[in-house]
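This report refers to the structure that appears directly beneath it.
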Amino acid sequence: MKLGVNIDHIAVLREARRINDPDPLQALGICARAGADQITIHLREDRRHIHDEDAAAILRHSPLPVNLECAVSEEIIDFVCRHRPLRATIVPEKREEVTTEGGLAVTGESTRLAEVIRRLHAAEVEVSLFIDPHPDAVLAAKELGADWIEFHTGHYANLHAMLYSNLRHTHHSIPALELPRKELNERLSEELAQIERLADHAHGLHLRVAAGHGLNYQNVAPIAKIRTVEELNIGQSIIARSVFVGLDAAIREMKSLL
Ligand code: PXP
């Protein structure tokens, strides 16, 4: 299982003071030495954490492949085509959201997405679509010609948190479920089984499969066991842990769980 470390939150900390410290660029060597397999960053339209100069410098200096998350936006896709990361992961983006709240509406936006995928492929950038674990989304991703899909594990993470961390919600799109533990447990098992079933199905369609969002040291193991998922992209929990133990140790701990 490969680990993509999402380093956006280093820039979140920097932006809290709008200065130049901590610099996400400094994470690259640490990530590589600690055993990460990929650097993941999200260049948001509102530039609330990673800026163009960060993304350009990370792409120039990263010893690891870079997965650049981006919205379907003319300006951002132009940037991606100019800077040519190994992979672009297309994600939905809303200005008011705290983080990416759900998967892409692949079935409703197919003409626009097809055009973006064609442009990225022409620039020799692999394309991944960040989708909810839903059969229609997998089929649509295949039909659109994506190379990868990344399953949004936010719902899985929410259910896990409600059961084991007493947390009511981890992001806004999924309302807190006031359900008895037995039912929460069943829903968690169903969500996991659905991700596994669809990962196998996607693999059978020759799509490469990643997963991410809300994964942490407590909930990652069952997802990491799914053989047809090749890679997990994890940000918040690793950067949060690094505040206490350092980035190197936080990545090594996560790698050992994978
Ligand atoms: N994968 C994608 C496509 C994402 O948008 C994000 C969040 O930026 C992640 C993975 C990482 O999520 P988290 O920060 O919850 O680990």
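First listed ligand is number 1; within each ligand, the first listed atom is number 1. When a residue number appears, it is its place in the shown sequence, counting from 1. This is a predicted model, so every value here is computed, not measured.
Of the polar atoms of His42, none of the N or O atoms is found under 3.5 Å from an N or O of ligand 1, judged by distance alone. Polar contact check, Asn233 against ligand 1: no nitrogen or oxygen pair lies under 3.5 Å apart. Considering backbone and side-chain atoms together, His9 places no N or O closer than 3.5 Å to any N or O of ligand 1. Note: an N/O pair closer than 3.5 Å links Gly214 and ligand 1 by distance alone.
Each of the atoms 6 (C), 7 (C), 10 (C), 12 (O), 15 (O) of ligand 1 lies under 4.0 Å from some heavy atom of His213. The contact set between ligand 1 and Val91, taken as ligand atoms under 4.0 Å from a residue heavy atom, comprises 3 (C). Of all the atoms in ligand 1, the ones that sit under 4.0 Å from a non-hydrogen atom of Asn6 are 8 (O). Against a heavy-atom cut-off of under 4.0 Å, Gln236 is close to the following atoms of ligand 1: 13 (P), 14 (O), 16 (O). Those atoms of ligand 1 that come under 4.0 Å of a heavy atom in Ile234, given as number and element, are 16 (O).
Under the 4.0 Å criterion applied to side-chain N and carboxylate O atoms, Asp248 and Arg33 are not assigned as salt-bridge partners. Electrostatic pairing of Glu126 and Arg87 counts as a salt bridge here, judged by a charged N lying under 4.0 Å from a carboxylate O. For the pair Asp8 and Arg44, the salt-bridge criterion is not met [side-chain N within less than 4.0 Å of a carboxylate O].
Using the six-membered ring where Trp is involved, His160 and Tyr164 have ring planes that are tilted, between 30° and 60° apart.
Counting heavy-atom neighbours within 6.0 Å of Lys142 NZ, excluding the residue itself, gives a total above 12.
A 4.5 Å side-chain heavy-atom check between Ile7 and Val5 finds at least one atom pair inside the cut-off.
For His152, no heavy-atom contact with ligand 1 is shorter than 4.0 Å.
The cluster map of Ile, Leu, Val, Met, Phe, Trp and Tyr, joined by side-chain heavy atoms under 4.5 Å apart, puts Val66 and Leu43 in the same cluster.
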